[in-house]
Trainee: 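Submitted below is the structure of interest, expressed as structure tokens.
Only this structure's heavy atoms are used, side chains among them; waters, hydrogens and symmetry mates stay out. Order of the sequence lines sets the chain letters (A, B, ...), proteins ahead of strands, with each chain counted from 1.
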Amino acid sequence: MSKTGMMHKKKKTSLKQKIVRAFIYLILILITITTILPLYYVVIAAFNPGNSLFTTKMFPDRLTTDHFHNLFVKKDYGLWYMNTLKIAFSSMVLTIILVVITSYVFSQFRFRGRKGGLMFMLIMTMFPGFMSMIAVYLMLLHVGLLDTHLGLIIVYAGGAIPGLTWLVKGYFDGIPRTIPEAAKIDGAGNGTIFFRIMLPMSFPIITFVSVSSFIGPWMDYIFARLVLRTPSKKTLAIGLFEMVTGRQNTEFTMFAAGAVLVALPITILYMSLQKYLIRGIAEGASKT
Amino acid sequence: MKSHSKIACLLSILFMGLGQLYNKQIIKGVIFAAVEVIFIVFFLPFIRYGMWGLYTLGEKPQAFVNGKVVQGDHSIFLMIYGIISLALIFIFAVLYYLNCRDAYRVGRLRDEGGKPNNFIKSLKVMWEQGFPYIMLSPAAFFTLFLTVVPLLFGVLVAFTNYSSPNHIPPRTLVDWVGFQTFIDLFTLAAYKDTFLGVFSWTVTWAVLSTVTTFFSGLVFAVIIESNGIKLKKFWRTIFILPWAVPGYISILVFRNIFNAQFGPLNQWLKAIGINGIQWLGDPTWAKVVCLAVNLWLGFPYFLALMSGVLTGISKDLYEAAEVEGASKLQQFFKITFPMVMFATAPLLIMSFANNFNNFNLIYFLNSGNPVNTKYKYAGDTDILLSWIYKLTLDQNQFNKACAVSIIIFIIIATISAFNFTRTRSFKEEDMIQ
């Protein structure tokens with residue numbers, strides 16, 4: 001094709017392209033509305049004067065912060081928040097330690113039983129978690145950890161090991177072997193290589209593991225429901241779920257206020273760590 | 001020539017640590033011997049009780065004597081003890097094997113004229129050679145007691161009659177019944193219909209929810225990343241929002257938005273003259289709503305993922321294609337799509353598996369409702385996993401729940417095995433040396 005021919009072709013498609021582009025923008029705007037609307041709805045509900053779902057308006061005449069106030073006065077919202085924060089943070093720390101060490105060993109060392117161990121963990125992740133529910137309950141009962149936050153923390157951390165190990169191992173595999181080998185030649189021990197070289201290099205995946213192992217417990221309902229009995233030990237998920245699944249939906253606006261307070265920090269965290277989290281997912285995708 | 005290796009090994013088989021003592025490794029020998037003594041004194045009675053319990057599941061039911069309750073055997077506790085006993089036996093067997101191997105090796109060293117290490121040096125060697133195992137032991141411990149033992153328990157329960165109303169400890173005993181639970185599941189009309197109905201919806205749901213999220217993610221990633229689209233960052237930020245908001249919050253909000261009686265959606269429809277729709281009350285609508293909400297929640301994840309993959313594709317490829325005269329559509333199908341699929345295929349299948357077990361969405365959105373009267377303890381939008389949840393927590397049909405869990409495992413395992421044997425990274429697993 002001659003150069004003038006190409007130029008000509010470009011000009012011809014430009015009108016068509018303009019229409020296509022307008023159409024694309026229209027779709028993008030529509031999707032934006034669908035994305036924002038439910039989020040707007042819950043935020044505005046939190047500031048709505050009424051109590052129930054039915055009286056919640058998209059554009060209320062006036063706004064109120066009563067529901068936020070009531071959360072702390074009529075419900076133990078502050079307590080739930082602290083409980084959840086404590087549980088999520090502790091299990092995150094425990095998970096990171098266990099997962100990073102385990103996956104590092106599986107990635108960087110060759111030892112007998114390595115493949116078997118990896119396979120075994122993979123198989124573990126394929127069982128539905130509920131299957132272990134009854135037994136976990138009974139075991140916590142026996143060691144006296146039922147209805148304690150510690151019991152819940154251990155359950156979360158233990159359950160996260162097999163799946164996350166595969167992900168992080170994949171990331172470690174991607175670090176060129178020559179780097180730790182060179183360090184070894186220079187006289188670095190296992191510890192130095194791990195803390196000074198491999199750990200800083202795997203910052204994105206560790207961010208990813210931290211966030212996902214924090215969010216898991218933060219949002220979990222099932223195991224929290226199973227392990228915790230005392231109302232004062234309740235977590236946010238249980239408290240919020242109870243507010244809106246009752247028959248009347250008369251606490252919807254209070255739920256909305258609670259939901260906003262839960263979601264806001266997480267959303268900000270996710271948005272600000274986006275780069276790492278998405279890279280974590282992508283790494284996992286190509287390496288798992 | 002004396003064979004120290006054989007003698008030491010035999011002695012260690014006889015009693016842990018004897019071989020080490022024979023090899024003049026006193027401290028090591030004493031430690032090994034102490035392990036066996038501790039095992040025999042503290043663990044053996046428990047293990048014996050546990051094994052008996054696992055075999056019989058208890059023999060004495062709860063009884064009333066003179067109006068007082070006399071506790072019998074608790075079948076389910078016994079089963080747990082039995083499984084923990086098995087785990088303990090396994091740990092002990094490994095230690096025993098290590099003890100014999102160590103005695104044999106040190107003996108051989110002596111046969112060859114070497115001198116056995118002293119204790120400090122042994123520790124050093126153990127730290128170096130056993131480093132991977134030592135580092136793995138905490139995770140192994142956690143996994144053993146929080147994943148392996150509970151799962152083993154779950155598998156075993158499927159082969160018992162542990163269910164309400166007749167076999168609930170401590171009131172009554174539980175017995176081994178072999179494959180009876182599975183046979184019931186496929187022959188009792190009520191259970192058979194429920195299983196088949198719920199199963200087919202689970203598969204439909206998993207396929208549709210994966211396909212919709214995956215492809216809308218891909219399409220929008222391509223659109224946003226394509227040349228000439230302005231405000232790329234703005235669109236990306238907005239579209240990623242549903243991913244950043246905690247899932248259960250969004251799902252609970254949708255549960256209320258779709259509320260037929262009080263929800264805003266039906267209020268708006270009424271305002272424009274359309275009669276309210278039973279979004280979550282009508283089986284078909286409820287299924288549609290499940291898929292729609294899942295799309296809302298799930299597509300940002302793929303969008304973000306694909307955007308990353310897309311920016312990773314070399315621009316040269318497209319330039320070359322352009323020079324060769326390939327159209328945008330051709331470029332998409334010949335470059336973008338294969339590249340994206342290559343990078344995300346394992347994730348696609350993983351996502352299928354996740355959706356197959358997407359309990360949170362189904363349960364929080366509509367609790368599996370509307371109730372289907374033809375089903376046994378299940379609703380129209382119930383997937384296998386939420387059915388299991390109801391069977392376990394609401395109905396105490398533990399054996400059925402575990403049997404269904406095993407079936408889910410077989411399905412997921414088959415899919416994953418298929419996935420993993422075909423994944424590049426798995427094939428290359430040991431090639432990255």
Trainee: Counting C-beta onward and ignoring hydrogens, is there a side-chain heavy-atom pair between Leu98(A) and Pro138(B) closer than 4.5 Å?
Mentor: yes
Trainee: Is any side-chain heavy atom of Leu53(A) less than 4.5 Å from a side-chain heavy atom of Gln261(B)?
Mentor: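 Answer no - side chains too far apart.
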Trainee: Where does Ala237(A) contact chain B at under 4.5 Å (heavy atoms): side chain, backbone, both or neither?
Mentor: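 Looking at Ala237(A), backbone and side chain both touch chain B.
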Trainee: With chain B, which of Ile215(A), Ile31(A), Ile101(A), Val155(A) has the greatest number of heavy-atom pairs at distances under 4.5 Å?
Mentor: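 With the most close heavy-atom pairs to chain B, the winner is Ile31(A).
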Trainee: May I ask you to check whether Tyr248(B) and Phe241(A) place their ring centers less than 6.0 Å from one another?
Mentor: no
Trainee: With Arg236(B), which residues qualify under salt bridge (Lys or Arg N to Asp or Glu O under 4.0 Å), at least two apart?
Mentor: Glu225(B)
Trainee: Relative to chain A, which segment of Leu385(B) carries a heavy atom at a distance below 4.5 Å: side chain, backbone, both, or neither?
Mentor: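 For Leu385(B), backbone and side chain are both near chain A.
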Trainee: Distance check, rounded to the nearest 0.5 Å: Thr143(B) atom OG1 versus Ile161(A) atom CD1?
Mentor: 4.0 Å
Trainee: Atom OH of Tyr389(B) and atom CD1 of Ile222(A): how far apart are they, to the nearest 0.5 Å?
Mentor: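 Here the interatomic distance stands at 5.0 Å.
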Trainee: Take His142(A) and Tyr81(B) through the test side chain to side chain contact (heavy atoms under 4.5 Å, CB included) and record every step on the way to the result.
Mentor: CA-CA 10 Å; His142(A) 271 87; Tyr81(B) 298 155; 2.8 Å; yes
Trainee: As an exercise: rank Tyr221(A), Phe109(A), Phe111(A) by heavy-atom pairs under 4.5 Å with chain B and give me the winner.
Mentor: Phe111(A)
Trainee: Shorter than 4.5 Å, heavy atoms on both sides: which option in Phe131(B), Phe398(B), Phe145(B) has the most such pairs with chain A?
Mentor: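 Ranked by heavy-atom pairs under 4.5 Å with chain A, first place is Phe131(B).
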Trainee: Using a 4.5 Å cut-off on heavy atoms from C-beta on, say whether the side chain of Phe142(B) contacts that of Leu94(A).
Mentor: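 Yes; the side chains approach each other to less than 4.5 Å.
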Trainee: For a 4.5 angstrom cut-off between non-hydrogen side-chain atoms, does Phe153(B) reach Met139(A)?
Mentor: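 Side chain of Phe153(B) against side chain of Met139(A), heavy atoms only: no contact under 4.5 Å found.
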Trainee: Taking C-beta and beyond as the side chain, do Ile266(A) and Val245(B) meet within less than 4.5 Å on heavy atoms?
Mentor: no
Trainee: Would you say Lys57(A) has more than 12 foreign heavy atoms packed within less than 6.0 Å of its NZ?
Mentor: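 Open.
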Trainee: Using a cut-off of under 4.5 Å for heavy-atom pairs, which of Val136(A), Val42(A), Ile24(A), Leu138(A) has the most such pairs with chain B?
Mentor: Leu138(A)
Trainee: Tell me, for Phe141(B) versus chain A, whether the close heavy atoms (under 4.5 Å) come from the side chain, the backbone, both or neither.
Mentor: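 No part of Phe141(B) comes within 4.5 Å of chain A.
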Trainee: Find the one option among Leu39(A), Leu273(A), Val262(A) whose heavy-atom pairs under 4.5 Å with chain B are most numerous.
Mentor: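 If we count pairs closer than 4.5 Å to chain B, Leu39(A) comes out on top.
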Trainee: Kindly give the heavy-atom pair with the smallest separation between Val253(B) and Pro38(A), and that separation in Å.
Mentor: CG1-O, 4.0 Å
Trainee: What I'd like to find out is whether the side chain of Ile29(A) reaches to under 4.5 Å of the side chain of Trp235(B), using heavy atoms alone.
Mentor: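 Yes, their side chains come closer than 4.5 Å.
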Trainee: Under a 4.5 Å heavy-atom cutoff, which of Ile223(B), Val404(B), Ile229(B) has the most pairs with chain A?
Mentor: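 Of Ile223(B), Val404(B), Ile229(B), Ile229(B) has the most heavy-atom pairs under 4.5 Å with chain A.
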Trainee: Select one option (side chain, backbone, both, neither) describing which atoms of Ile410(B) are under 4.5 Å from chain A's heavy atoms.
Mentor: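 The answer is neither part of Ile410(B).
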Trainee: Heavy atoms only: give me the nearest Phe127(A)-Val155(B) pair and the separation to one decimal.
Mentor: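 It is CE2-CG2, 4.2 Å.
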